[in-house]
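A short worksheet on the structure shown next.
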Amino acid sequence: MANNIVVLGAGVSGLTTAYLLSQDPANKITVLAKHMPGDYDIDYASPWAGANYMPVGKEGSAHHKWERDTWPALKEITEKYPEAGIHFRGTLIYNRKKDQETDTGKWFSELTQPNPWYKDVVPDFKNVPSDQLAPGVDNAQEFTSVCINTAVYLPWLVGQCIKNGAVFKRAVFKHIADAANAHHTGQKADVVINCTGLSSKTLGGVLDDKMYPARGQIVVVRNDPGPMMSTSGTDDGEDEALYIMTRAAGGGTILGGSYQKHNWNGIPDMNLANRIMKRCIDICPSLVKKGQGIEGLDIIRHGVGLRPLREGGTRIEKDNVDGVAIVHNYGHGGFGYQASFGCAYTAVSLVKEVLQNKSRAKL
Ligand code: FAD
């Protein structure tokens with residue numbers, strides 16, 4: 001018997017969930033979204049991400065499990081499908097204890113501690129010997145991670161879903177229950193998976209007022225400094241961040257950033273952009289030629305994305321709205337890629353429960 005499934009949202013959460021579900025031929029999937037890969041919009045977080053795997057979930061939490069479970073999938077895609085636009089990259093993390101109480105320091109507290117759970121997950125983890133630390137740095141570590149070219153990876157996910165029979169359609173909904181009536185077969189969907197990110201705050205039938213943005217500003221440049229790096233904070237403000245990552249397949253290097261909670265402004269702030277570029281060159285002089293400053297950066301574009309944060313954490317659970325079975329998978333903050341498979345595995349298991357209950361009810 002066929003299962004009619006609607007996935008609402010075509011960011012990394014919706015596409016990963018659709019990709020997994022599409023591997024079962026019994027699932028007839030329609031992916032519906034206002035924005036699709038190729039679009040750049042402030043209401044669409046996924047294209048703006050770096051994106052890399054730098055775990056931040058606290059040990060023992062569901063977030064920890066989602067990130068831990070995602071690494072093997074990203075590793076496999078990197079090794080098996082070079083056309084997916086992901087590559088392995090050396091990674092350096094610097095921690096300053098003085099950042100501990102800032103917004104960025106709290107966000108990165110698991111990433112930057114000297115003995116994190118992920119040391120047993122990523123390859124080549126090692127602490128930098130204390131006599132090699134730069135002044136002001138309390139501890140540092142290196143490991144091998146991945147960097148995802150989102151402009152290649154998101155279309156690759158679309159392609160995999162289409163190859164498995166999924167259908168993609170543009171659509172905008174005011175109420176989540178309406179999406180059940182837009183399945184490509186013309187039949188009502190058995191289940192709708194809600195992957196609308198920050199828009200879950202305003203989408204009828206969801207109206208989740210725990211959702212809020214953490215504004216991330218970036219500069220994309222053609223310069224390639226080598227390894228990725230990130231710090232626990234900066235001296236320029238409690239909600240400013242410092243990270244550098246070069247995307248696979250000619251995707252340029254992302255210089256970041258910021259973590260500005262409750263800030264909805266989609267326009268790049270040029271003063272912040274200058275601070276981002278300056279501190280990236282300060283920590284990584286090899287970004288530019290010897291003696292150069294910001295003028296040595298070859299800028300592709302400035303950008304802003306809104307990380308879909310949720311008080312109390314990501315929502316992955318079953319729901320029923322106006323008689324329509326829903327599985328929510330939204331609220332992935334700054335970790336939507338690095339937790340993508342872990343979250344999608346959980347969502348898929350809930351979809352299976354919904355479908356089993358439906359088929360039992362029909363007997
Ligand atoms: P989105 O990508 O926002 O997608 C939502 C989808 O729902 C869209 O298709 C939208 O059109 C659709 N939609 C919404 N409402 C409706 C409606 N009413 N009707 C129809 N369709 C609708 N994560 C990492 O793991 N690693 C990183 O290095 C990283 N770096 C980041 C850097 C920046 C600057 C930013 C901003 C984010 C970063 N993130 C990173 C976080 C990551 O980008 C997000 O967690 C992730 O993209 C969220 O994906 P999503 O699919 O849940 O939401």
Side-chain angles (χ1 to χ4, degrees), residues 6-18 31-57 63 66-67 70 74 91 107 111 145-148 150 153-154 157-158 168-176 178-179 182 192-206 211 213-220 228 230 241 243-245 247 254-260 266 268 276 302-310 314-316 328-344 347:
V6 159
V7 176
L8 183 57
V12 69
S13 309
L15 294 177
T16 311
T17 310
V31 180
L32 302 166
K34 182 175 180 186
H35 303 100
M36 291 282 179
D39 299 346
Y40 283 87
D41 194 280
I42 196 63
D43 291 331
Y44 187 28
S46 293
W48 300 109
N52 63 17
Y53 182 90
M54 288 195 181
V56 291
H63 185 162
W66 295 325
E67 288 181 332
T70 298
L74 291 180
T91 306
W107 168 31
L111 175 72
S145 182
V146 288
C147 189
I148 302 170
T150 63
Y153 181 60
L154 296 172
L157 283 173
V158 172
F168 282 73
K169 291 203 287 183
R170 293 270 182 173
V172 185
F173 296 95
K174 288 203 163 70
H175 197 283
I176 187 142
D178 295 339
V192 173
I193 305 161
N194 173 26
C195 303
T196 57
L198 195 52
S199 301
S200 288
K201 192 175 182 65
T202 49
L203 179 63
V206 186
M211 292 298 297
R215 180 179 183 277
Q217 183 165 323
I218 51 160
V219 186
V220 191
M228 301 195 285
S230 184
Y243 57 84
I244 300 172
M245 58 181 106
R247 286 173 165 178
I254 308 289
L255 309 181
S258 66
Y259 196 73
Q260 298 163 303
I276 289 172
H302 295 273
V304 176
L306 301 179
R307 300 178 183 90
L309 272 152
R310 185 170 183 271
T314 308
R315 185 178 184 200
I316 309 181
H328 297 288
N329 182 11
Y330 68 85
H332 302 87
F335 49 88
Y337 285 83
Q338 63 199 35
S340 55
F341 277 88
C343 292

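Both counts, for ligands and for their atoms, begin at 1 and track the order of listing. The residues of the chain are indexed from 1 along the displayed sequence.
Residue nearest to atom 27 (C) of ligand 1, selected from Asp178, Asn52, Val31: Asn52 (by heavy-atom distance). Between Gly305, Gly257, Gly204, Ala171, it is Ala171 that holds the heavy atom closest to atom 20 (C) of ligand 1. In the candidate list Ala241, Gly50, Gly11, Gly50 is nearest to atom 30 (N) of ligand 1, counting heavy atoms.
Looking from atom 49 (O) of ligand 1 to the surrounding protein, the closest heavy atom is Ser46 OG, 3.2 Å. In this structure, atom 13 (N) of ligand 1 lies nearest to the protein heavy atom Thr196 CG2, 4.0 Å. Residue, atom and distance of the protein heavy atom nearest to atom 44 (C) of ligand 1 are Gly333 O, 3.4 Å. From the protein, the heavy atom lying nearest to atom 35 (C) of ligand 1 is Arg307 CG, 3.8 Å. Nearest protein neighbour of atom 50 (P) of ligand 1, counting heavy atoms only, is Ser13 OG, 3.3 Å. The single protein non-hydrogen atom nearest to atom 11 (O) of ligand 1 is His35 N, 2.7 Å, given as residue, atom name and distance. Remark: minimum distance from atom 32 (C) of ligand 1 to any protein heavy atom is reached at Ala49 CA, 3.5 Å.
Among all heavy-atom pairs drawn from Pro37 and Val158, the shortest one is CG-CG2, 3.7 Å.
Ligand 1 lies less than 4.0 angstrom from a heavy atom belonging to Phe335.
Residue contacts with ligand 1 for Cys195 involve N, CA, C or O but no side-chain atom from C-beta outward (heavy atoms, distance under 4.0 Å). Under 4.0 angstrom from ligand 1, the non-hydrogen atoms of Leu203 all belong to its side chain. Under 4.0 Å from ligand 1, not a single heavy atom of Ala339 appears. When non-hydrogen atoms are compared, ligand 1 lies under 4.0 Å from the backbone of Ala45 as well as from its side chain. Looking at Leu8 against ligand 1, only its side chain comes within 4.0 Å, counting heavy atoms.
Residues Thr91 and Met54 form a side-chain contact, since some pair of their non-hydrogen atoms from C-beta on lies under 4.5 Å apart. Contact annotation: the side chain of Tyr337 never approaches that of Thr16 to less than 4.5 Å [non-hydrogen atoms, C-beta and beyond]. Two residues are said to be in side-chain contact when any heavy atoms from C-beta on lie closer than 4.5 Å; Phe335 and His63 meet this criterion.
Backbone and side-chain nitrogen or oxygen atoms of Tyr337 are examined, and one is located within less than 3.5 angstrom of a nitrogen or oxygen of ligand 1. The distance criterion of under 3.5 Å between nitrogen or oxygen atoms is not met by Met245 with respect to ligand 1. Looking at ligand 1, you'll find an N or O of Gly334 within less than 3.5 Å of one of its N or O atoms. Some N or O of Gly336 is nearer than 3.5 Å to an N or O of ligand 1, by distance alone. Looking at ligand 1, you won't find any N or O of Gln217 less than 3.5 Å from one of its N or O atoms.
For the 3.5 Å distance criterion, the side chains of Ser145 and Asn52 fail to qualify, holding no donor opposite an acceptor. Counting only N and O atoms by type, the side chains of Ser200 and Arg310 include no donor and acceptor under 3.5 Å apart.
Close approach of ligand 1 to Gly9 is summarised as follows: ligand atoms under 4.0 Å from at least one heavy atom of the residue are 6 (C), 7 (O), 9 (O), 12 (C).
Tested against Val206, the residues Leu8, Thr196, Asn194 include a single side-chain contact (heavy atoms from CB on, under 4.5 Å) partner, Asn194.
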